[in-house]
Amino acid sequence: MEYKHNKIEKKWQKIWRKKRIYQPDLENAEKPFYNLMMFPYPSAKGLHVGNMYAFTGSDIYGRFKRMQGYDVFEPIGLDGFGIHSENYALKINKHPLKLAKKTEKYFYSQLQATGNGYAWENTLETYDPDYYKWTQWLFIQMFKNGLAYRQKSAVNWCPSCKTVLADEQVISGKCERCGTEVVVKELEQWFFRITKYAERLLNNLDEINWSEKVKIAQRNWIGRSEGVNIEYEVVGQKEKIVCFTTRPETNFGATFVVLSPFHPLVLKITKDNYRKQVVEYIEGVKKRKVSPEETADNKEKTGVFTGSYCLNKLNGKKMPIWVSDFVLDNVGTGAVVGVPAHDKRDFEFAQKFNLEVIRVIVSEDGDDSAITSIDKVYEGHGKIINSEFLNGLNSREAKEKITEFLEEREWGKREVIYKLRDWCISRQRYWGPPIPMIKCPKCGWVPVPEEELPVKLPYLKDYRPIGTGESPLDKAEKWLKVNCPVCGAPARRETDVSDTFLDSSWYFLRYPSIKFKDKPFDKRITKKWLPVNMYIGGAEHSVLHLMYARFITMVLFDLGYIDFEEPFTNFYAHGLIISQGAKMSKNKGNVVIPDEYIKKYGADALRMYLMFLGPFDQGGDFNPTGIIGIKRFLNRVFRLSLNLKVNLHQQTTKNLERALHRTIKKVTEDIENKKYNTAIACLIEFANLWEKEESISLEDGKRFIKLLAPFAPHLSEEIWEILGGEFSIHQQPWPEYDPALVKQTEFTIIIQINGKLRDKLIVSQDVSEEEVKNMALNRPKVKKWLENKEIKKVVFVPNKLINFVV
RNA sequence: GCCGGGGUGGAGGAAUGGUAGACUCGAGGGACUUAAAAUCCCUUGGAUUAAUAAUCCGUGCGGGUUCGAGUCCCGCCCCCGGCACCA
């Protein structure tokens with residue numbers, strides 16, 4: 001018999017919502033548990049099974065916590081602003097505002113249909129003025145506290161999206177959104193000073209319970225390195241060039257200095273007869289695209305000599321000063337000292353331009369011969385040679401010694417640098433919150449007074465990006481003309497909008513405080529519910545969203561708005577569902593939407609099937625053939641429950657009772673560890689045994705249904721009702737197991753001979769080694785194998801195995 | 001190149017250093033049925049074999065540690081994800 005999933009699921013979704021069982025009392029909850037799923041940026045095509053996979057995994061955890069007695073708050077919303085949505089609007093030629101409304105409706109109805117236990121009264125959308133009012137407020141706080149600044153800089157520009165991209169949005173030289181090659185463009189932009197928080201963002205990682213994988217990704221992104229800024233005098237001039245190096249101990253092997261083409265001293269120190277070539281080289285670099293091939297290792301080095309030399313005071317050596325684009329303007333000091341023997345890039349450069357190579361480190365192999373090819377370049381540590389007072393030292397000790405030496409003479413200074421760059425906030429697009437700033441010809445940049453927020457995004461019929469570096473809002477003449485809030489003079493609004501990542505950097509603070517219209521978040525409510533207890537989301541956000549959210553949280557802490565520095569106590573990265581071996585994308589046409597499967601098999605079956613696919617942190621390839629297995633299981637449970645209802649006076653067999661308690665233990669532990677696939681396997685195993693043993697008591701039957709509840713919320717609620725349980729199963733206490741019943745009473749002892757399985761024994765608990773040995777030696781199979789052999793050793797593991805070594 | 005994560009039957013996947021392949025799909029066979037669907041039962045890593053007897057081989061490859069290795073160590077190969085001239 002099959003249960004009618006469509007009917008049952010709709011019925012309970014309606015009742016749950018009406019009875020508000022997933023709506024915690026935000027003011028008075030006693031055991032608050034904030035269970036948060038990263039909110040989606042909706043594609044207009046709606047939710048695909050990849051989204052549903054992630055949401056289901058989060059929902060199971062939330063339901064489990066609820067049954068464990070927590071007041072679980074599980075909100076949902078839409079990250080609807082941004083290039084993603086806007087590009088789609090452009091493509092189908094529909095205004096993003098209208099599109100958003102449509103998307104919103106569809107998305108929420110899909111989410112409803114999955115049966116997740118969301119707090120539907122606390123939804124938010126980033127394009128809602130009620131929300132972005134506070135995103136703008138946040139910007140103003142940043143500005144007021146010196147954390148937002150404007151700067152002209154070479155930025156990543158996507159010629160197709162016609163906007164600036166953050167470093168994080170450039171993937172191997174291509175635009176994250178559309179895959180177009182990114183070019184460099186000089187524009188004046190708003191930046192957030194995230195680099196000021198680099199050290200804290202790094203150190204705090206030790207305090208939070210995130211997977212090591214994500215922490216490592218963040219550490220690498222922050223990219224802290226310790227080194228020395230060494231000052232080199234330019235021979236015959238008063239200029240000094242400062243080079244940052246993490247390997248000062250190799251400085252006796254330095255043979256040249258290279259400046260970035262954008263280094264401020266380039267033209268100053270260039271000799272007249274070299275000027276023409278240097279200028280030409282720099283112009284050439286400016287025009288070039290940042291294509292993936294060129295940024296990669298295999299790119300051939302280019303460069304030009306300036307005619308000048310630096311003095312290495314350590315050994316009095318004159319080092320030629322070159323200019324090359326392999327030295328990046330924004331790393332370290334924009335100038336590098338070349339040690340070709342111990343740096344592959346330096347070696348390539350030296351080789352190309354015939355510069356001297358001096359070995360100063362010998363590796364463990366003891367080879368101290370000259371370095372003549374790229375594969376002889378040694379970048380590791382070892383014994384120092386050719387370096388006067390450093391000779392014989394290990395390079396690690398030498399680094400400390402030379403650093404002190406340089407500092408004493410004021411030739412150099414310890415320095416820590418980071419890979420992390422300030423966060424470029426400006427986007428020359430339409431579909432985002434207008435940056436709430438006004439430019440006054442007299443007062444300069446002035447924030448919009450907070451009481452005038454939100455600065456509403458005007459309705460623009462033509463919202464297409466212009467591509468000149470100006471935002472489409474530049475055309476909203478009426479809107480952009482304002483009077484300066486300070487002096488009253490005619491002024492102009494900032495016409496750029498802010499980055500989508502700003503919208504999502506603080507949304508978790510808004511959810512519990514959604515009803516407050518006069519503040520971004522209520523202090524008391526925030527204290528009660530935050531930081532987020534369990535945050536589940538995609539690993540692809542390891543360095544983007546998660547870093548920004550941490551940064552904004554730290555800033556709000558520093559400004560006294562909140563009393564915690566880290567927004568997410570636990571973060572768990574779920575895996576990715578792929579389809580036909582590839583990431584789901586519209587281009588590939590392999591996007592699977594859940595609707596048809598929900599219709600055919602039910603949300604419960606699809607939920608469980610997705611979770612059964614494999615470990616939650618690993619994702620998997622969606623192949624719908626297996627879903628039938630879960631459907632069969634659910635039907636079986638339904639059937640067994642109806643039988644139980646007909647005959648309520650059954651007794652649980654001893655065998656089944658033990659299995660039940662083992663199942664409770666296993667499922668409890670597995671959900672806690674998000675090992676949903678094995679939890680489900682265990683539930684199936686139990687149902688199979690139940691069917692075999694036939695007899696179970698009502699109480700035990702109900703216990704089992706509770707275990708099923710987080711996975712199949714609708715069916716378990718239906719069965720719960722049939723079995724006379726009190727509404728709702730999702731508010732019942734999670735079952736406990738009896739440790740005595742979990743304990744095994746019979747053990748299979750493996751008999752091994754030389755580690756190979758030869759026979760098995762079934763014994764009761766804690767049989768002594770002597771007894772097991774005697775039993776084993778009496779087995780015919782064992783006798784056969786031990787014939788004419790001398791037992792040299794016996795390994796005995798109680799309740800597990802005995803191994804005879806012969 | 002660097003940093004993560006992987007590699008186990010026909011497929012998805014299980015296995016605190018101790019019976020490799022739980023559970024599910026698929027496949028084969030059977031029961032029920034006029035028939036089909038649904039359901040249930042049996043078989044299902046490979047080889048030798050009449051055999052559900054027995055033995056051998058099997059967790060990407062090559063070594064090692066151990067009474068015992070899918071699991072630990074060393075050296076490789078391949079796949080996926082992220083970063084990428086970061087000094």
Side-chain angles (χ1 to χ4, degrees), chain A residues 1-2 167-168 170-173 211-217 219-221 223-225 227 243-247 250 258 292 294-299 301 324-328 330-339 343-346 348-349 379 417-421 539-540 542-543 573 575-576 578 581-583 608-609 612-615 617-630 632-633 635-636 639 675 677-685 688 691 748-760 781 784 792-797 800-806:
Chain A
M1 188 199 301
E2 264 194 59
D167 285 346
E168 290 85 339
V170 181
I171 311 298
S172 309
S211 70
E212 212 39 46
K213 190 176 155 177
V214 178
K215 287 190 188 180
I216 287 167
R219 282 191 193 109
N220 289 346
W221 192 261
R224 182 182 201 272
S225 36
C243 297
F244 176 78
T245 175
T246 54
R247 304 293 299 274
T250 62
V258 192
E294 283 181 344
T295 53
D297 284 344
N298 57 14
K299 184 199 162 193
K301 296 277 181 289
S324 171
D325 65 350
F326 91 85
V327 175
L328 304 177
N330 54 5
V331 176
T333 56
V336 157
V337 54
V339 184
D343 183 293
K344 290 201 164 110
R345 296 157 304 180
D346 293 353
E348 277 169 6
F349 194 77
E379 295 183 327
I417 66 161
Y418 298 93
K419 250 163 82 173
L420 190 69
R421 300 274 166 270
E540 70 273 20
S542 296
V543 286
L576 218 62
I578 57 172
K583 214 168 155 173
M608 281 190 90
Y609 177 61
F612 189 55
L613 228 44
D617 58 353
Q618 259 174 50
D621 201 329
F622 183 78
N623 172 357
T625 56
I627 191 169
I628 188 72
I630 294 292
R632 283 180 192 144
F633 159 73
N635 281 333
R636 188 176 314 145
R639 223 168 35 235
K675 291 172 75 179
N677 57 330
T678 48
I680 292 169
C682 188
L683 292 172
I684 296 173
E685 244 174 304
N688 292 346
E691 185 163 52
T748 306
I749 302 269
I750 309 154
I751 306 173
Q752 295 182 335
I753 289 155
N754 286 341
K756 280 200 171 170
L757 173 72
R758 293 303 177 193
D759 204 355
K760 293 171 193 174
K781 280 185 200 170
K784 191 184 105 193
K792 288 180 189 146
K793 190 175 171 185
V794 179
V795 179
F796 178 69
V797 182
K800 211 148 221 173
L801 69 84
I802 187 158
N803 186 13
F804 297 101
V805 185
V806 294

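Convention: sequence-line order gives letters A, B, ...; per-chain numbering from 1.
Within the 4.0 angstrom heavy-atom criterion, no nucleotide atom of any strand lies near A:D617. As judged by a 4.0 angstrom heavy-atom cut-off over every strand, A:T333 is placed among residues making no nucleic acid contact. Note on A:E691: only backbone sugar-phosphate atoms sit closer than 4.0 angstrom, heavy atoms only; bases stay farther off. Among the protein residues, A:K800 comes within range of the nucleic acid bases, having at least one heavy atom under 4.0 Å from a base atom. Note on A:L328: a base of the nucleic acid sits closer than 4.0 angstrom, heavy atoms only.
Note that A:K301 lies outside the cation-pi zone of A:F349, set by a 6.0 Å cut-off to the ring centre and a 45° limit from the axis.
Computed from coordinates, the A:D343 CG to B:C85 C1' distance equals 9 Å when rounded to whole Å. The CZ atom of A:R636 sits 11 Å away from the C1' atom of B:C23 (whole-angstrom rounding). Computed from coordinates, the A:K344 NZ to B:C85 P distance equals 16 Å when rounded to whole Å. As a whole-Å value, the separation of A:F633 CZ from B:C25 P is 12 Å.
Between A:K213 and A:R632, the residue whose closest nucleotide on RNA chain B is further toward the 5' end is A:K213. If A:E685 and A:G334 are placed on RNA chain B by their nearest nucleotide, the residue sitting closer to the 5' end is A:E685.
The pair A:R639-A:E691 meets the salt-bridge criterion, since a charged nitrogen lies less than 4.0 angstrom from a carboxylate oxygen.
Taking syn as a glycosidic angle within 90° of 0, B:G9 qualifies as syn.
Across all strands shown, the partner of B:G81 is B:C3, judged by Watson-Crick or G-U wobble contacts whose two distances both fall under 3.5 Å. Nucleotide B:C56 forms a Watson-Crick or G-U wobble pair with B:G46, both donor-acceptor distances falling under 3.5 Å. Base pairing analysis places B:C40 opposite B:G30; the two distances defining the Watson-Crick or G-U wobble pair are each below 3.5 Å.
Between A:N677 and B:A14, a side-chain N or O to OP1/OP2 separation shorter than 4.0 Å is present.
For A:I216, the side-chain atoms get nearest to B:C3 when compared with the rest of B:U55, B:C85, B:C3.
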